[in-house]
Every structure is written in structure tokens, then in C-alpha cells.
Amino acid sequence: MTHPVDLDAWKTLAAHYDDVKSTSLRDLFESDDARFEKFQLNAAGIFLDYSKNHVTDDTLANLLRLAENSDVKTRLQSMFDGELVNPTEGRPALHTALRNRSNTPVMVAGEDVMPGVNDVLARLRVFTDSVRSGDWKGYTGKPITDVVNIGIGGSDLGPLMAVEALAPFAHERLNMHFVSNVDGSHMVSTLKKVDPDTTLFIVASKTFTTQETLTNAHSARDWFLDSSATESDVSKHFVALSTNKEAVSEFGINVDNMFGFWDWVGGRYSLWSSIGMPLMLSIGMDRFEQFLQGAHDMDVHTRTAPLSENMPVILALLTVWYNNFWSAHSHLIAPYDQYLHRFPAYLQQLTMESNGKSVHVDGTPISCSTGPVVWGEPGTNGQHAYFQLVHQGTHIIPTDFIMALESLNPLGIHHELLMANCFAQSEALMMGKTKEELKVEMQKAGASDAEIERLSGHRSFAGNRPSNTLLVQQLTPQALGALIALYEHKVFVEAAIWDINPFDQWGVELGKQLAKSIHQEMELAATVKSHDSSTNGLINKALKLNNLLA
Ligand code: G6Q
């Protein structure tokens with residue numbers, strides 16, 4: 001396999017970077033009035049303005065050639081077709097089948113997976129409808145008022161983010177809670193807010209072996225049984241979302257209360273499966289299907305649009321451009337939408353777990369830098385915190401601004417101000433403020449020449465900081481579905497270019513393994529000597545201070 005850095009297009013881009021690196025974004029806009037019209041795209045209800053990037057027609061042509069050289073189209077098609085795109089775990093990655101609203105067959109090992117997908121969706125509809133309507137009763141005959149999702153990582157971040165994002169569509173009676181951390185405080189503080197006879201616990205775990213989730217689930221069950229409930233009442237209050245029937249049954253959850261999915265659904269891609277149950281309960285199955293439809297629309301766009309008009313491909317190419325040629329290894333997600341406050345955290349897992357890799361698909365050491373650090377918080381809050389570094393720090397941090405044009409909570413001038421701030425930030429990042437502009441501004445305010453001179457370096461901004469702006473009309477279930485699918489495919493295209501496997505996570509597995517073995521050692525209540533001196537020292541300190549040594 002040719003490594004990315006050996007491709008002709010890669011070498012051309014490296015040379016092209018030297019040609020364009022000193023051309024400012026200001027210059028690019030001044031020399032082309034049609035830049036906004038030229039560098040924009042529409043797909044599945046999402047508008048993308050990518051004109052405020054360090055790209056010219058030539059840059060784009062070179063990047064598109066890189067996508068061609070990297071077989072991006074073929075690789076995308078392999079994923080949609082259910083081929084083994086996750087070779088280290090020997091699996092396809094078919095989250096797209098879960099939202100395949102066209103219902104065309106998707107074959108895995110000679111079998112169409114769609115009837116299974118549709119069956120689970122139908123069961124989920126019956127169950128979630130009955131909880132929402134109040135027909136599903138707790139053990140004292142009362143309807144459910146609170147739902148506690150117990151899961152972590154992919155079995156937590158997606159449902160939590162989406163329930164928050166679609167809060168305006170939430171069911172009035174159902175309060176949603178999420179417990180992920182094995183820190184007992186998370187469970188204890190949640191249980192204080194709910195009553196055993198009106199609470200439904202969802203134990204969400206693909207493997208049903210995850211230490212944190214099982215520990216939390218056991219504690220929740222003990223708490224439930226400490227009320228007047230008995231073992232036979234558990235089935236009215238505990239359901240499982242998993243691929244592991246045996247472990248679910250061993251835990252004591254009746255498999256009639258289990259909603260399955262398949263090993264070809266990666267944890268961080270599982271929101272579209274039964275793992276989405278908290279969202280189904282919150283917004284109802286009809287709206288959940290609109291959510292699936294939005295993602296499917298983006299899937300169709302990704303599969304069919306030419307590379308030059310393909311939104312996830314363009315976004316991925318921009319990330320590769322900055323990450324590999326501009327040495328910009330950090331990417332800011334700035335949703336100007338309070339409901340999207342968990343979206344950056346969700347994308348952090350999606351992108352960093354997928355593309356945080358140091359070997360190529362064939363196992364050879366990586367030849368280029370891979371996934372950037374992804375982070376963020378909603379605007380306008382970020383402006384009063386870390387945006388200073390994005391404006392004037394020494395790092396280039398490409399930024400994605402995300403906003404809905406219409407508010408779901410119109411309130412006076414609030415939404416206009418939100419939009420104004422969003423547009424102002426991307427403009428300020430790009431334009432900066434020249435010394436001449438500062439001089440005029442300070443002179444108008446009556447500053448002396450000496451004062452202007454003294455502050456000139458501090459108060460002028462180089463600007464030239466790139467950003468994308470993504471707009472939807474309203475943050476509806478459909479729009480959210482399309483937005484998530486857009487980033488999923490962007491991550492896949494980046495991985496295709498870097499020639500890495502975005503679907504495994506051996507680092508996560510290592511963490512799970514080590515925590516388990518240290519815990520087993522701690523349970524022996526004896527001084528631990530088997531690790532390095534730091535790890536031994538920390539474990540022994542904890543054992544001693546908690547009086548756990550025999
Ligand atoms: C996701 C990761 C990881 C996983 C959690 C929970 O892609 O593999 O975040 O989702 O470790 O795993 P379970 O769902 O199996 O409990």
C-alpha cells in the first residue's frame with residue numbers, strides 16, 4: 001500500500017503550501033468578489049460556507065486529487081456496502097443501515113440486515129409508545145416519570161447529546177437522566193432526584209461487560225430493591241440495550257426487556273440503534289424516524305455527490321489541509337446554540353476515538369499526523385473564555401461555527417444577537433485588525449500618538465484564522481440527524497486519506513483491561529509491588545488511607 005505521504009497529490013500539496021502560505025484570507029477575499037458563492041455547499045438541509053479558509057481554486061483541485069488518489073469514493077462505497085472496513089475487529093461498520101430509510105437490502109455475510117433492523121425498530125416503537133402514553137406502569141401501578149440511562153462512552157455521549165439538543169421536542173412527563181461515571185457521586189446524586197416506583201432504568205452496553213456500567217447498574221438495582229419492590233418487579237423498571245443476550249440474562253434482566261443491535265455497529269456510531277432509546281422516549285418514535293431520515297439524506301448525499309460538491313469530503317479535506325500542511329493540530333467546534341452544548345463532547349469522542357491512530361490499515365507505523373484534538377463549548381460563552389487564544393494565540397485553530405437560523409425559543413432580540421455574535425467571530429478571526437485600523441479607532445477615541453504606539457502591538461490582530469460556518473434552518477430532529485451523519489462521514493474520509501482504521505479503539509480496550517487488573521490487586525488488601533514505583537506508590541497510598549490493607 002502506498003502511504004499517503006508518497007502520493008503525488010500529497011507532494012503537490014506540500015509544494016502548494018509553500019506557494020500560498022503567505023497569502024492572507026483578506027487578500028483572497030479582496031481578489032475575488034465571488035468567493036462566498038464559490039466556496040459554499042448545500043446538503044440534506046445544511047448550508048456550508050467554507051470561503052473563510054486558506055483555499056484557492058488550485059488548493060481545492062489539489063485536495064480533490066488527494067481524495068481521488070486515496071480512493072475515497074471506493075472506500076465510502078465499501079462502508080455502505082457492508083464490507084470489512086474494520087479489519088482489526090473483522091467487522092463491517094454499518095451505522096448507515098440503521099437509518100437506511102429507503103430500506104434497500106444491505107448484505108452482511110450473504111444476509112440482508114434490514115429485516116432485523118426494522119424488527120428492532122418496531123419493538124422499540126411499541127415499548128417507547130407505551131412508556132410515553134403511561135400504559136407502561138411501574139410496580140405500584142403508576143406511570144414512569146423518570147428515565148435513567150446507565151451507560152458510558154458510545155452508550156452515553158450520543159443519547160445524552162441528542163436528548164439535550166432536541167429538548168424542545170421532549171415529552172412533558174418524562175425527565176431524562178444519564179449516569180456514566182463509576183464515581184459513586186454520579187449515581188447517588190441522580191438517585192436523589194427519582195423515586196423507585198416511577199423510574200425506568202436503561203442499562204445501555206453493547207458488550208454488557210463494561211465495568212463502570214455494570215457497577216452502576218448493580219447499584220441502581222440494589223437501590224430499587226431497597227424500596228418496597230421485589231425481584232419480580234425488576235422487569236417493570238429495568239431494560240437492557242445490548243448485543244450480549246447471555247450477560248443481560250445473567251445480570252437478571254429478562255431478555256424480553258432487551259433491545260438488541262449488532263456487532264457491526266460501533267459504540268460511538270450506535271445512537272441510531274436501540275442505544276438511541278432515551279431519545280426515542282424523549283421525542284417519540286415518529287420524530288426519531290425524522291432524525292434517522294436526516295442522517296439518511298446525508299448518507300445519500302455522501303454516496304452520490306461528486307467529490308467537489310460533497311460536504312463531508314470537503315470538510316475532511318480542509319482538516320487534512322490544516323492538520324498535515326499547516327501544522328494546525330487542534331480543531332474547535334463552536335455551536336452557537338445552547339441546545340448543542342454536548343455536541344463538542346460528542347464529536348470529541350467520534351473524531352478522537354476514531355482517528356486517534358498511529359498505524360496505517362496494514363499495521364505499518366504512521367507516516368503522517370492523524371486526528372487533531374477536537375474541543376469546544378457553545379457560543380457566545382466561549383467568546384468570554386478561550387476565544388482569546390483562537391484570536392491572538394500562537395496556534396492556528398480551524399473552527400466550525402454551527403448555528404440554526406431560526407430559534408425554537410424566540411425571545412426578543414436574543415436570536416439576532418446570537419447570530420450577530422457568530423458572524424462577528426468568524427469575521428474577526430479572518431480579518432483581525434490592522435495597525436492602521438487600530439490607529440484610526442484610537443485616534444477617534446482621543447488617544448495620543450504615544451498611547452497608540454504603546455498599545456499597537458497588543459491591540460492589533462493578525463487575523464487570518466480559518467473557519468467554516470454551518471447553518472441549518474431550525475435545530476429539528478431531521479437537521480440534527482444530518483449534522484451528526486455529516487461529521488461521521490467527514491471522520492471516515494479523513495481516515496481514508498490517512499489510511500487508518502477509524503472503527504477500532506485498542507486504547508480504550510487497554511484502559512478497561514488495566515483498571516480491571518488493578519482493581520483485582522486492590523481487593524487482595526496487600527501491598528502492591530507489581531507495577532512501576534509511581535503506580536505502586538499511588539495504589540498503596542490509596543489502600544493505606546482507606547484502611548484497606550489487611
Ligand atoms: C466507542 C467505544 C467506547 C464504548 C464504551 C462503552 O466506540 O468503544 O466508548 O462505547 O466503552 O462500551 P459498552 O457499550 O460495551 O458498555
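Counting starts at 1 for both ligands and their atoms, following the listed order.
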Inset, instruction - List the steps and the verdict of side-chain hydrogen bond (donor to acceptor under 3.5 Å, both in side chains) for Asp299 and Thr96. - result: CA-CA 7 Å; Asp299 293 343; Thr96 50; 5.1 Å; no
Legend entry - Gly154 N/O under 3.5 Å from ligand 1 N/O: yes
Inset, instruction - Measure the distance from atom 1 (C) of ligand 1 to every protein heavy atom, then report the residue, atom name and distance (to 0.1 Å) of the closest one. - result: Glu353 OE1, 2.8 Å
Inset, instruction - Pull out every atom of ligand 1 sitting under 4.0 Å from any heavy atom of Gln505, numbered as shown with elements. - result: 7 (O), 8 (O)
Legend entry - Which of the ligand 1 atoms, numbered from 1, are nearer than 4.0 Å to a heavy atom of Gly267: 1 (C), 7 (O), 10 (O)
Legend entry - Asp362 and Thr364 side chains, donor-acceptor separation under 3.5 Å: yes
Inset, instruction - Please indicate whether any nitrogen or oxygen in Thr207 is less than 3.5 Å from any nitrogen or oxygen in ligand 1. - result: yes
Legend entry - Modelled atom types, side-chain donor and acceptor of Asn216 and Thr213, under 3.5 Å: no
Legend entry - Minimum-distance protein heavy atom relative to atom 11 (O) of ligand 1: Lys512 NZ, 2.9 Å
Inset, instruction - Have a look at Gln505 and tell me which of Gln349, Lys357, Arg268, Glu353 forms a side-chain hydrogen bond (donor to acceptor under 3.5 Å, both in side chains) with it. - result: Arg268
Legend entry - Distance filter under 4.0 Å to Ile152 heavy atoms, resulting ligand 1 atoms: 5 (C), 6 (C), 10 (O)
Inset, instruction - Select the closest option to atom 9 (O) of ligand 1 among Gln211, Gln349, Lys206, Arg268, judged by heavy-atom distance. - result: Gln349
Legend entry - Distance in Å, Gln77 CD paired with Met79 CE, rounded so as to fall on 0.5 Å steps: 9.0 Å
Inset, instruction - Can you figure out which of Asp504, Thr243, Leu214, Thr210 has its heavy atom closest to atom 12 (O) of ligand 1? - result: Thr210
Inset, instruction - To the nearest 0.5 Å, tell me how far Thr319 OG1 sits from Asn468 CG. - result: 7.5 Å
Legend entry - N or O contact, Glu509 vs ligand 1, cut-off under 3.5 Å: no
Inset, instruction - Verify whether one side chain among Gln478 and Asp297 offers a donor that lies under 3.5 Å from an acceptor in the other. - result: yes
